[in-house]
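Notes to accompany the following structure.
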There are 2 protein chains.
Amino acid sequence: MQISSRFTIAVHIFACIDTFQNQEKLTSNFLASSVNVNPVIIRNILSQLKAAGLVKVQRGSGGASLAKSPKEITFLDIYHAVECIENGELFHFHENPSQQCPVGRNIHHVLDDKLQQVQNALENELQKITLADVFKDTKYYIDKESQS
Amino acid sequence: MQISSRFTIAVHIFACIDTFQNQEKLTSNFLASSVNVNPVIIRNILSQLKAAGLVKVQRGSGGASLAKSPKEITFLDIYHAVECIENGELFHFHENPSQQCPVGRNIHHVLDDKLQQVQNALENELQKITLADVFKDTKYYIDKESQS
DNA sequence: TTATGTTGTAATGTCAACCATTACAATTTA
DNA sequence: TAAATTGTAATGGTTGACATTACAACATAA
């Protein structure tokens, strides 16, 4: 299975926050029209990001803003915030291998550390990328547009 | 979302093939009782592994066997065989970011290489682990059982 | 304080994927 | 030919993703 589009939507939201912070009121409606999804999707994702301490959201007046510096928010933070898997486990292990079978009895011993190793590789890479990288590149591409 | 249990089931099947190859007839029924799922699930996974050139399956007489040496079959091979995502893409990108919005227009430019980098990290790690590792550890744990 | 705009969230619906199960045709072997 | 087994289609239950409507809770400006 794939990682839900909530992840890319969340990064898109952050890119909008940075790009438009002083020009536009960053309401769920505004963000929804940039991402092109229903405003409620945006609100739910903002809720998850807020619960993870990554954004601040104002009720009534509207507007979302960063709760930390862009350098301190990694893709891993965002992934954990929006991807709701129990214990963050990447692999879904089949539930009840037979305890009567020598292989069934030991398959967890054999596999658990290997699966963990793969998950760690994924998470390490996610941790290397921050919103600072995203904001820098977003500015670069938008500036490039206005030149030509 | 999580990687489907088809992956761990597939590795479990391989461990059974190696452990029981000369002692038992490796039918879908036998494998199903070790994994503890319906035999049809086993047959479907064996079909996918066969299509990927990883196993041979005999009809009628029953029995599955490796199509390559254990050293040559990596977790990445199994992952690709069993996980049916288009182009093997790990991330599901939201479909239609607004082309009216500067951020929406450029979000793919900004993100695509970063997502690819994460996917590569995952796949590289999957490629490091082979069935030879699994078979070695399976033997180790089963031998350890019979000692005590 | 009231009107307005906005977020938070519940409820509902559609769709796709996963996994289970039954059934039976196709195939192999004894 | 009979028995065993795989291949695969059909069906159903369950869950998660995403969309949408509706409205209560809350903040701000007049």
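Chain naming here is simple, since letters A, B, ... match the order of the sequence lines and numbering starts at 1 in each.
Heavy-atom nearest nucleotides on DNA chain D were determined for A/V82 and for B/L26, and the one closer to the 5' end corresponds to B/L26. Nearer the 5' end of DNA chain C, as judged by each residue's closest nucleotide, is the contact made by A/N29, out of A/N29 and B/P39. Positionally, the nearest nucleotide of DNA chain C for A/Q58 lies more toward the 5' end than for the other of A/Q58 and A/M1.
Taking 4.0 angstrom as the limit, B/K25 places a side-chain polar atom (N or O) nearer than this to OP1 or OP2 of D/dT5. Look at B/S28 and you won't find any side-chain N or O under 4.0 angstrom from OP1 or OP2 of D/dT5. Phosphate contact (OP1/OP2 of D/dC18, side-chain N/O of A/S5, threshold under 4.0 Å): present. Phosphate contact (OP1/OP2 of C/dT9, side-chain N/O of A/R43, threshold under 4.0 Å): absent. Look at A/K50 and you'll find a side-chain N or O under 4.0 angstrom from OP1 or OP2 of C/dG8. Contact between the side-chain N/O atoms of A/R59 and the OP1/OP2 oxygens of C/dG8 is not found at any separation under 4.0 Å. Distances shown here put a side-chain N or O of A/S4 below 4.0 Å from the OP1 or OP2 atom of D/dC18.
Per the geometry, NE2 belonging to B/H92 stands 12 Å off P belonging to C/dA16, to the nearest Å. In this structure, A/I41 atom CD1 and D/dT21 atom P are separated by 12 Å, rounded to whole Å. In this structure, CD of B/E95 is placed 12 Å from C1' of D/dA17, rounded to the nearest angstrom. Between the CG atom of A/N38 and the P atom of D/dT20 there is a distance of 5 Å, given to the nearest Å. One interatomic measurement links the two molecules: CD of B/Q2 to C1' of D/dA17, which rounds to 15 Å at whole-angstrom precision. Between the CD atom of A/Q48 and the P atom of D/dA17 there is a distance of 9 Å, given to the nearest Å. Atoms CZ (B/F30) and P (D/dA4) sit 18 Å apart, rounded to a whole Å. Atom CZ of A/F7 and atom P of D/dC18 are 14 Å apart (whole Å).
Proximity note for B/V57 (side chain, C-beta onward) versus D/dA19, D/dT6, C/dT9: the nearest is D/dT6.
Between B/D77 and B/T74, the side chains place a donor N or O and an acceptor N or O closer than 3.5 Å (distance only, hydrogens not considered). When only modelled atom types and interatomic distance are considered, B/S5 and A/H92 share no side-chain donor-acceptor pair under 3.5 Å.
The line from CD1 of B/I42 to CZ of B/R6 is 12.0 Å long, rounded to the nearest 0.5 Å. The CD atom of A/E123 sits 6.5 Å away from the OH atom of A/Y79 when rounded to the nearest 0.5 Å.
Residue contacts shown for A/V40 include a base, since a base heavy atom lies under 4.0 Å away.
Ion pairing between a basic and an acidic side chain is recognised when a charged N comes within 4.0 Å of a carboxylate O; A/K128 and A/D133 show no such pairing.
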